[in-house]
Every structure is written in C-alpha cells, then in structure tokens.
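Worksheet: one structure, shown below.
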Amino acid sequence: MRRPSKGLSRAFLRELLVSDRYAIDSHKLIYHPQRVAQYLSAGDDWEKAKRVYPIYVEMSPVGACNHRCTFCAVDYVGYQPIRLDVGVAERTLAEMGRLGVKSVMFAGEGEPMLHTGIHRMVVAAAKAGIDTAMTTNATVLSGAFVDHAFPRMSWIKASVNAGTAETYAAIHRTKARDFDIAVNNLKRLADARRRHGYSCVLGAQILLLPENAGEVETLARLCRDEIGLDYLVVKPYSQHNASLTHVYEGLNYQEFSGLGERLDALNTARFHVVFREKTMQKHDAGGGARYEKCRATPYFWAYVMATGAVYGCSAYLLDKRFEYGNVNESSFQAIWEGERRRENWHHVRHELDIHECRLNCRMDEVNRYLDRLERQDVPHINFI
C-alpha cells in the first residue's frame, strides 16, 4: 500500500494501515445499535433502564496473583486467595447468555489462570453463546485449558511489561525465569493454533514506563518473530484513585512521542503494534475536554469479583455504592434489576462527580460517543 503524504497525520496513517484493526484505542459500541437504542429509550424511566443488560462483563475467577507488578491498579484489593465457585460461574454464565450478555473477559483482581477450573468457565460461556477472552500474565498454562478452552476463545492478551528478563522481573516483581515461562507458554498457544487452525487472536500488551521504554521494540520483535503473536499493545499508565501505589502518577508521555514512529516500521501484514497515542494524549491533557457524567454505568458493562460480588464499574471495586449483589446468593437477573443497582443508577445519573473517576477508564471512549449522541451538538444532524 502506498503511504500517504507527510501532510497527513500519523494517526490517520495508522488507520489506513489497519494497525488497530481491533479498535483497541477506540470503542465498538457503534456496532450494537439495538442496545444503544434501548438505553436512549429508557431515559429517566427505571422500569426500562433496569432491563438494559451489559454487552460486556469482566469476570475474576480468582483473587490471588503470582506477581506483584509495580503499577498494579487493584493492589488495594489485597490479592486475596479467594476463588469463584465453578458451579456458580457456570450457572451465572448460562443466565447471562439468556439475558443478552455478548462477551466475558476473564481477568480481574487476580491471575485468572490460577483457577484450576478456568477451562470449565470458558466452556460454559461458549455454550451460552458468549464470546470469551482473557488477559493473563501467561506464566500458568494447563493442558486442560489448551485442549478445552483455547479452541473456544476470541482472544487472549498477555501482560508482558518488558523486553528482557531482568527488567521484566523488576516490574512484575517476580523471578526472572517467569519471563521465559511466559514466552514459552505463548509459543505453546501459537503452535496449538497453527496446528489445529484455531481462530483465537493472540496478543500481548506492555504498559509504557520509564523502566521499559527502551525495550518496547525488542519486545515487539520477540512477539512478531519468535512467538508468532498477532499484535502488541503499547498503552499508558492510568492512576487508580484507590491504588496504594503512586509511583507513576505524574508520568508524562510526551517524552515518548518518537516511539510510535519507530514501532510503525515493525508492522507487517500479520503483525501490528497498537501504539495507543490517542489515549496517551488524553492522559497528558488530564482527560481533555470530556463529558460531564458517566453514561456507560450502570448499563453496558459489569464486573464480577472472585468473591461473587457484582459491580457496575471496575474503578470502584469495594465501594458499596457500586456493588449490586452477589452471584453466590442471587441470580444475575435479580441483581441487575434489583434495588442496589437502581440506587447506583440514580447516583451515577444525578450525583457522581466524574472527577472522582479514573482518568482514561475503560469506558472513556464509549462515554464520549454516548455524550455526543445524547447532546446532538453537531449542526444539521439530519443531513447525513
């Protein structure tokens, strides 16, 4: 493909080269017009709003983690050795599928692969018609997962925050040998995909920090040439208001502005580096001009902790204002249409100060889209 002239922005260039074909630095709510229409129709009517079910759910199979990353946003939760009961998860996932949940990402406050029944959860979600994905540090990989879960998954993304074992050990706060274990486990998945023709997309992500900035290109080549991944995401740090760590709170990403251009040169027909430049720019601008209230919560996503507690936003784990109930005690429908979610619905619509929220939260682009859609502040909108 002929490259555009230098007069065009690098962001536009990346769009033409499809380096973010999965819209990782954007959002995909535009592909769910029926659910958006249901949300818009609900307005201030709780009887309608309570039946708007999430498209996407994050589920935490286990609270424990075998790493203690320097940047961990949920360190305040405490890495509790709590496991979500497999039977409860299977029942809840089947119900979610019936209620219209489209996708579940297994991740959470712990390392999901530490749950010995994780493959059963993936199978249950797939049987319910739910797309499944996972974020993991990839240092644990069972044969049962490779045989039963992997063939049914949409994507797996590994958190690999360095290009060398030494830096990896320092950032993940683990043993240096875990770097090679993660790489070899990813190779194992890539080999299984190639041999069996599975469709699961395999990627990695690195949180761009001063300690690892010089190793991003090394990691990209490792992912592309040795492991056989589909992409590497390079993303900025975002300070969680409840986090115990504040080491990277004042980080400015302007100093890494030339990195994106160098990473562009590593893109091929089958491998892309997704350099989240737009998110970095928003980070440095303190969020920039944005919406006045959150519209994504408590509608389009949900979070299930390893304890079974259901939350409307992952930035407010352990905050009772955002806790709706527990799947160990109630059905998901009873929780989602219940009184505690109604109270949170009112709080978010009329009381929540979004300056309390995490900058560049997962629903930021969704909120920007919904804000424009509701305000309709573009002149002559009927002239399409």
Side-chain angles (χ1 to χ4, degrees), residues 10 14 17-22 24-25 65-73 107 111 113 133-141 155-191 193-194 200-238 247-248 251 253 255-280 283:
R10 185 151 48 87
R14 285 207 190 91
L17 294 176
V18 205
S19 62
D20 190 12
R21 63 179 298 191
Y22 305 107
I24 292 171
D25 206 27
C65 189
N66 56 341
H67 289 180
R68 292 291 184 272
C69 297
T70 58
F71 56 79
C72 182
E111 167 50 50
M113 289 287 203
M134 177 179 293
T135 55
T136 171
N137 62 36
T139 59
V140 180
L141 184 64
W155 56 264
I156 296 173
K157 183 162 48 182
S159 180
V160 186
N161 295 284
T164 66
E166 181 181 10
T167 305
Y168 178 93
I171 293 176
H172 285 247
R173 289 196 286 197
T174 187
K175 295 180 175 62
R177 66 170 181 256
D178 274 6
F179 180 77
D180 289 331
I181 291 172
V183 168
N184 288 330
N185 281 338
L186 290 171
K187 287 181 179 178
R188 184 179 169 191
L189 290 174
D191 289 342
R193 180 177 66 172
R194 183 171 55 253
C200 182
V201 171
L202 295 173
Q205 70 178 19
I206 179 171
L207 195 69
L208 184 57
L209 305 171
E211 298 95 314
N212 63 21
E215 299 183 4
V216 178
E217 292 165 90
T218 300
L219 177 61
R221 291 187 178 92
L222 176 66
C223 293
R224 182 190 68 182
D225 302 333
E226 296 187 35
I227 303 176
L229 300 185
D230 300 298
Y231 65 80
L232 171 67
V233 177
V234 184
K235 60 185 289 188
Y237 174 79
S238 173
V247 175
Y248 305 108
L251 197 58
Y253 281 93
E255 61 183 289
F256 307 118
S257 59
L259 180 58
E261 291 184 358
R262 299 198 302 273
L263 293 171
D264 279 344
L266 300 178
N267 290 340
T268 68
R270 67 165 188 84
F271 175 83
H272 293 97
V273 180
V274 182
F275 188 74
R276 298 191 61 178
E277 187 172 35
K278 181 165 65 173
T279 303
M280 293 179 194
H283 174 277

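More than 12 heavy atoms of other residues, nucleotides or ligands sit less than 6.0 Å from atom CZ of Arg173. Residue-environment remark: CD (Glu211) exceeds the threshold of 12 foreign heavy atoms within 6.0 Å.
With hydrogens and angles ignored, the 3.5 Å screen pairs no side-chain donor or acceptor of Asn161 with any backbone N or O of His172. In this structure a side-chain-to-backbone donor-acceptor pair under 3.5 Å is present from Arg224 to Leu266. At distances below 3.5 Å, not a single donor-acceptor pair connects side-chain atoms of Tyr22 with backbone N or O atoms of Tyr231.
Residues Val247 and Thr70 form no side-chain contact, since every pair of their non-hydrogen atoms from C-beta on lies 4.5 Å or further apart. Residues Leu232 and Ile206 form a side-chain contact, since some pair of their non-hydrogen atoms from C-beta on lies under 4.5 Å apart. Side-chain contact between Val216 and Leu208 is present, with heavy atoms from C-beta onward closer than 4.5 Å. At least one side-chain heavy atom of Trp155 sits under 4.5 Å from a side-chain heavy atom of Thr135.
Asp178 pairs by the side-chain hydrogen bond (donor to acceptor under 3.5 Å, both in side chains) definition with His67, Thr174, not counting sequence neighbours. When the salt bridge (Lys or Arg N to Asp or Glu O under 4.0 Å) test is applied to Glu215, no partner is found at least two apart in sequence or on another chain.
The distance from atom CG of Asn185 to atom CG of Asp180, rounded to the nearest 0.5 Å, is 11.0 Å. Here the straight-line distance linking atom NZ of Lys187 with atom CG of Leu229 works out to 10.5 Å at 0.5 Å rounding. The distance from atom SG of Cys69 to atom CG of Asn137, rounded to the nearest 0.5 Å, is 7.0 Å. The structure places OG1 of Thr139 at 10.0 Å from CG of Leu186, a figure rounded to the nearest 0.5 Å. Atom NZ of residue Lys235 and atom CE of residue Met280 lie 10.5 Å apart, to the nearest 0.5 angstrom. To the nearest 0.5 Å, the span separating CG on Leu219 from CG on Asn212 amounts to 8.5 Å.
Between Val160 and Ala204, the shortest heavy-atom distance links the atoms CG2-CB, 4.5 Å. Considering every non-hydrogen atom in both Ala165 and Ala176, the closest pair reads CB-O, 3.7 Å. Looking at every heavy atom in both residues, Ala220 comes nearest to Phe271 through O-CZ, 3.6 Å. Residue Ala162 comes nearest to Phe179 through the heavy atom pair O-CE1, 3.6 Å, listed as atom of the first residue, atom of the second, then distance. Contact between His272 and Thr268 at its shortest, heavy atoms only, is NE2-O, 3.3 Å.
Tyr248 and Tyr237 have their aromatic ring centers within a separation under 6.0 angstrom.
Screening Arg193, Arg270, Arg21 against Asp230 for a salt bridge (Lys or Arg N to Asp or Glu O under 4.0 Å) leaves a single residue, Arg193.
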Show the numbers, then the answer: is there a salt bridge (Lys or Arg N to Asp or Glu O under 4.0 Å) between Arg188 and Asp191?
CA-CA 5 Å; Arg188 184 179 169 191; Asp191 289 342; over 6 Å; no
